[in-house]
Amino acid sequence: MTAIQDILREALREVFAGLGLEAGEIALEQPSRREHGDWSSNAAMALAKSAGKPPRDLAGEVCEVLSRDMPMHVSRVEVAGPGFVNFYLADSWWHAVLEQIMAEGADYGCLSFGEGHRVNLEFVSANPTGPLHAGHARGAAYGDALGSILERCGYEVEREFYVNDRGAQLDNFAVSLAARLVGLPPPPDGYHGDYVDEWAQELPSELAAMIEDIEPRPAPPALLNSASDTASTDPEPSNLSTSVTNPDELSSWYSQVASHSNFSDLRTWCRNYAIANQQATLGRLNISFERWFSETSLLDAKKVDDLLIGLQADGTVYQQDGATWLRVSDFGDDQDRVLVKSDGELTYLLPDIAYHQDKLGRADTLIDIWGADHHGYIARMKAAIAALGEAPERLEVILCQIVKLLRDSEEVKISKREGDLITLDEIINEIGPDAARFAYLLQSPDSQQTVDLNVLSEKSMENPVFYVQYAHVRACAILRQARELGVEMQTECDLTLLSHDRERDVLRYLGDLPAELKTACHARAPHRIVSWLRELSSAFHSFYHDCRVTGDDVADDLTQARLALVDAVRIGLAIGLDLVGVSKPEQM
RNA sequence: GCCCUCGUAGCUCAGGGGAUAGAGCAGCGGCCUCCGGAGCCGUGCGCGCAGGUUCGAAUCCUGCCGAGGGCGCCA
C-alpha cells in the first residue's frame with residue numbers, strides 16, 4: 001500500500017509541474033491542531049518566491065487544481081494561515097489502513113529500506129570482572145530496542161558484546177577473588193565488592209585447593225572478618241586491613257597467585273563466571289547477543305600484530321619516549337595516541353582498533369553504544385578508522401547519558417560503598433524486567449534521565465508500562481469476551497461503519513506506525529516507539545470508554561467492524577511492545 | 001582553558017524551521033444498571049538569558065548563565 005504521504009506528495013508535485021514549477025523536497029506534516037486537517041504542506045510558501053506570487057495565492061491555485069481531481073483518499077483541501085495547503089482525508093484511508101493490518105498481521109509496518117545493509121550493534125560490553133550494574137541498564141535496553149527497530153526496517157543486525165578479557169584488570173580480579181577465598185584483603189587496586197566473596201565460594205575445588213596451597217599465607221586480618229559493620233563504615237577498608245597484616249607478606253602472596261602455573265585457569269574461570277552471570281541478567285531482560293567477542297581472541301589470531309605491522313608499513317605510527325604512537329592527529333583527533341607503552345604493554349586502544357577493523361570486515365555500518373563518560377574516545381576511534389583507510393562515517397557512536405535513580409524522592413547512590421554498585425539484578429528484582437526496559441526507553445539517550453523506582457515498582461496508573469500493557473490486555477479481553485459470547489469474527493466486514501471520532505483516532509495512530517518506525521530508525525530513537533505506544537494506548541482506552549463492541553445494543557455488523565479494529569490495536573500494540581522488548585500480557 | 005550533551009508546565013519528559021508548544025503524574029472538579037474503573041472526561045499566565053538568520057525560531061547560528069560528562073604511556 002502506498003503511504004498517504006507519498007500519495008499527497010506526488011499529487012502536489014504534479015500540480016506544481018502543471019504550473020511550471022519544479023518542486024524539490026515537498027514537506028508534509030501532521031498538524032498539531034485537528035482543525036488544520038490531517039496533513040499539511042508548506043510547499044506553496046517555499047515556492048512562492050520562484051513563482052513570483054504571494055504564498056496564499058499560489059496555495060489557492062494549488063487547491064483549485066487539486067479540487068478538480070481530488071487525490072485518492074482525500075475528501076477536501078483548503079488554504080490556511082500564511083499559505084499552507086491542508087488535506088482532509090476521507091474515511092476510506094483509515095479503512096484501508098485497517099484492511100492492511102488485518103491482511104498483514106504481525107508483519108504490518110515492516111519496512112525494507114535497510115535491506116542488503118549489515119549493521120553491527122555493539123553495546124553493554126561490560127568488563128568480565130563483576131555483575132552488570134545500574135550504569136549498564138540504559139545501554140542494554142536502548143541497544144536491544146534499536147536492534148529490533150533496525151531489523152524491522154530490513155537491516156541485517158548483529159548484536160555484539162565485547163569482552164575485555166585481556167590485561168591487568170582481569171588478572172587483578174582473579175587475584176582479588178583468590179584473596180577473598182582465604183580471607184585475605186584484595187590488593188589495593190583490586191576488587192572490593194561483596195560479590196567477590198560470593199563468587200569465590202563458587203570456585204571449583206581444584207582451583208580452591210590451588211589457592212589454599214599457596215604458602216606462606218599471611219594471617220587474615222581479624223577486623224575484616226569479625227566486624228564487617230566496622231569495615232563498611234570505613235571509607236577505605238583495604239587500608240585498614242593491610243595495616244593489620246604485614247604488607248610485604250601480602251604482596252608476596254599476591255605475586256605468587258599471579259605467577260602460579262595454573263593462574264590462567266583461574267583467570268579463565270573468573271572470566272567465564274562473569275560472562276555467565278551477565279548473560280543471566282540480560283536473559284531476565286530478554287536480551288541476547290549473537291556474538292560475544294573476546295579481546296584475547298584478537299591477540300590469539302595475531303590480528304593485533306598484523307594491524308601494528310600494517311600501520312608501521314603505512315608510516316602512521318612512530319616511536320617516541322620508548323613508546324609506539326599512532327599519528328591520529330593527522331586524522332582528526334586532537335593529539336597522537338600511544339599504542340604500545342614504553343614497558344611493552346599494549347594500551348586499550350590498539351586491540352580496540354583491531355577489533356573495529358574486524359567488525360568493519362563483517363558489517364557495513366558499526367554502531368557503538370557507550371556511556372557518556374567515553375565521549376572523549378569518539379574522535380580517537382574515528383581517527384583510527386580513518387588511519388586504517390576506512391571512512392570514519394562507518395562508525396556511529398551513540399552516547400547514553402547517565403541515569404539518576406530515585407527512591408522515596410531521594411537520589412539512590414549508584415555506589416553503595418567501594419567496589420559495590422547497585423546491580424542490574426537488584427533493579428530488576430525491585431521493579432520487574434518490563435518496567436525496567438520501558439523506563440530506560442522513555443526518554444532520548446541524549447537527555448539525562450531520572451528514574452523513580454517507587455513509581456515503577458507500584459502497579460499503579462502512574463506507571464506508564466502498565467498503562468500500555470493494560471491496553472493490550474484490554475484488547476485481548478474484548479476479543480476473548482466476544483468469543484465467549486459466541487460472536488465469530490468474520491473475514492469480511494463493513495468497515496465504513498467505523499466513523500466515530502474515537503475510532504478514527506485509533507486508526508490514525510495505527511496508520512502512523514510505519515512513518516513512526518522510519519523516524520525511530522533514522523533518528524536512532526527507540527523512545528519514539530514508546531511515545532507512540534502511549535498515544536495509541538490512550539486513544540484505545542478512550543475508544544473503549546465511548547464505543548461498545550459487543551452487547552444487545554450494538555448491531556451485529558458494527559460489532560464485526562469494531563472487533564476488527566480491536567484486533568488491529570492488539571496487533572499494533574504487540575508490534576510496538578516487541579520492538580521495545582516489553583512483554584505483552586493477555587491478562588493481568 | 002578546550003570539547004560534548006542537556007536546560008520546555010509544580011514533577012518526569014515529548015516536540016528539533018511552521019499556524020493557538022504537547023503528554024503522563026501531582027492538584028482541582030466530574031463519570032460505575034456499562035465488553036475488567038489498573039479506565040474515561042474537564043481543568044495548564046511554561047520553551048534559562050541576550051543578539052542574529054528567516055515570510056516564520058522552542059527548533060538553526062553566536063555569546064552569556066546554569067547542570068552533567070570528558071580532555072592519561074587508565075580501561
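Basis for what follows: all heavy atoms, side chains included, without hydrogens, waters or symmetry-related copies. All values reported here derive from a predicted model rather than from experimental measurement. Throughout, a chain's letter reflects where its sequence line sits, starting with A, and its residues are numbered from 1.
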What's [X] touching, base or sugar-phosphate or nothing? Going by heavy atoms closer than 4.0 Å.
X: A:R502; result: sugar-phosphate
X: A:T550; result: base
X: A:A372; result: sugar-phosphate
X: A:R33; result: base
X: A:C547; result: base
X: A:A482; result: nothing
X: A:E345; result: nothing
X: A:N127; result: sugar-phosphate

Gap in Å between the two [atom1] atoms, one belonging to [N] and one to [M], rounded:
N: B:G7; M: B:G44; atom1: P; answer: 25 Å
N: B:C11; M: B:G27; atom1: P; answer: 15 Å
N: B:C73; M: B:G17; atom1: C1'; answer: 48 Å
N: B:A14; M: B:C31; atom1: P; answer: 36 Å
N: B:C64; M: B:G46; atom1: P; answer: 28 Å
N: B:C13; M: B:G52; atom1: P; answer: 33 Å
N: B:A67; M: B:A38; atom1: P; answer: 44 Å
N: B:G68; M: B:G48; atom1: C1'; answer: 16 Å

May A:H375 be described as stacking on the base of B:G69, applying a 5.5 Å centroid limit and a 30° limit on plane angle?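 Stack criterion not met.
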
Kindly state whether the pair A:Y470 / B:G39 counts as stacked, where counting means centroids closer than 5.5 Å and planes tilted less than 30° apart.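 By the stated criterion, A:Y470 and B:G39 do not stack.
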
Rounded to the nearest angstrom, tell me the gap between atom [atom1] in [X] and atom [atom2] in [N].
X: A:L350; N: B:C74; atom1: CG; atom2: C1'; value: 15 Å
X: A:E35; N: B:U20; atom1: CD; atom2: P; value: 11 Å
X: A:F543; N: B:C40; atom1: CZ; atom2: P; value: 14 Å
X: A:W532; N: B:A23; atom1: CH2; atom2: P; value: 19 Å
X: A:E535; N: B:G24; atom1: CD; atom2: P; value: 10 Å
X: A:H374; N: B:G72; atom1: NE2; atom2: C1'; value: 13 Å

Using distance alone, with no hydrogens and no angle criterion, decide if A:Y88 and A:E78 have a side-chain donor and acceptor under 3.5 Å apart.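 Side chains of A:Y88 and A:E78: pair found under 3.5 Å.
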
For the residue pair A:N164 / A:Q169, report whether a side-chain donor-acceptor contact shorter than 3.5 Å exists.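 Side chains of A:Q169 and A:N164: no pair found under 3.5 Å.
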
Donor-acceptor pair, distance only, cut-off 3.5 Å: does the side chain of [X] make one with the backbone of [Y]?
X: A:D165; Y: A:S294; value: no
X: A:E122; Y: A:H356; value: no
X: A:D333; Y: A:A383; value: no
X: A:R504; Y: A:S499; value: yes

Would you kindly check whether a donor in the side chain of [X] faces an acceptor in the base of [N], or vice versa, at under 3.5 angstrom?
X: A:D373; N: B:G69; value: no
X: A:N86; N: B:A19; value: yes
X: A:S342; N: B:C73; value: yes
X: A:S444; N: B:A14; value: no

Residue [X], side-chain atoms from C-beta onward, closest of [options]:
X: A:D446; options: B:U5, B:G36, B:A75; value: B:U5
X: A:V549; options: B:C35, B:A19, B:A14; value: B:C35
X: A:Q335; options: B:A75, B:C35, B:C71; value: B:C71
X: A:H545; options: B:C13, B:C31, B:G68; value: B:C31

Using Watson-Crick or G-U wobble geometry with both distances below 3.5 Å, tell me the partner of [N], or none.
N: B:G18; result: B:C55
N: B:G37; result: none
N: B:U12; result: B:A23
N: B:G42; result: B:C28

Is the phosphate of [N], meaning OP1 or OP2, less than 4.0 Å from a side-chain N or O of [X]?
X: A:Y467; N: B:C40; answer: yes
X: A:S447; N: B:A14; answer: yes
X: A:S40; N: B:A19; answer: no
X: A:R534; N: B:A14; answer: no
X: A:S542; N: B:C41; answer: yes
X: A:H527; N: B:G15; answer: yes
X: A:K341; N: B:A75; answer: yes
X: A:Q481; N: B:G36; answer: yes

If each of A:R480 and A:N42 is mapped to the nucleotide of RNA chain B with the nearest heavy atom, which maps nearer the 5' terminus, i.e. the 5' end?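 Nearer the 5' end of the strand: A:N42.
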
On RNA chain B, does the nearest nucleotide to A:R166 precede the nearest nucleotide to A:Q587 from the 5' side, or the other way round? Give the residue.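 Looking at RNA chain B, the more 5' nearest nucleotide goes with A:Q587.
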
Please say whether more than 12 non-hydrogen atoms of neighbouring residues, nucleotides or ligands are located less than 6.0 Å from CD in A:E411.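 Enclosed: over 12 neighbouring heavy atoms sit under 6.0 Å from CD of A:E411.
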
Test ring pair (Phe, Tyr, Trp, His ring centres under 6.0 Å) on A:Y470 and A:H541 and set out the steps. CA-CA 9 Å; A:Y470 184 60; A:H541 286 310; 5.7 Å; yes

Determine the interplanar angle of the A:Y355 and A:F293 rings, folded into 0 to 90°, and report it as parallel if under 30°, tilted if 30 to 60°, perpendicular if over 60°.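 Ring orientation, 0 to 90° scale: tilted.
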
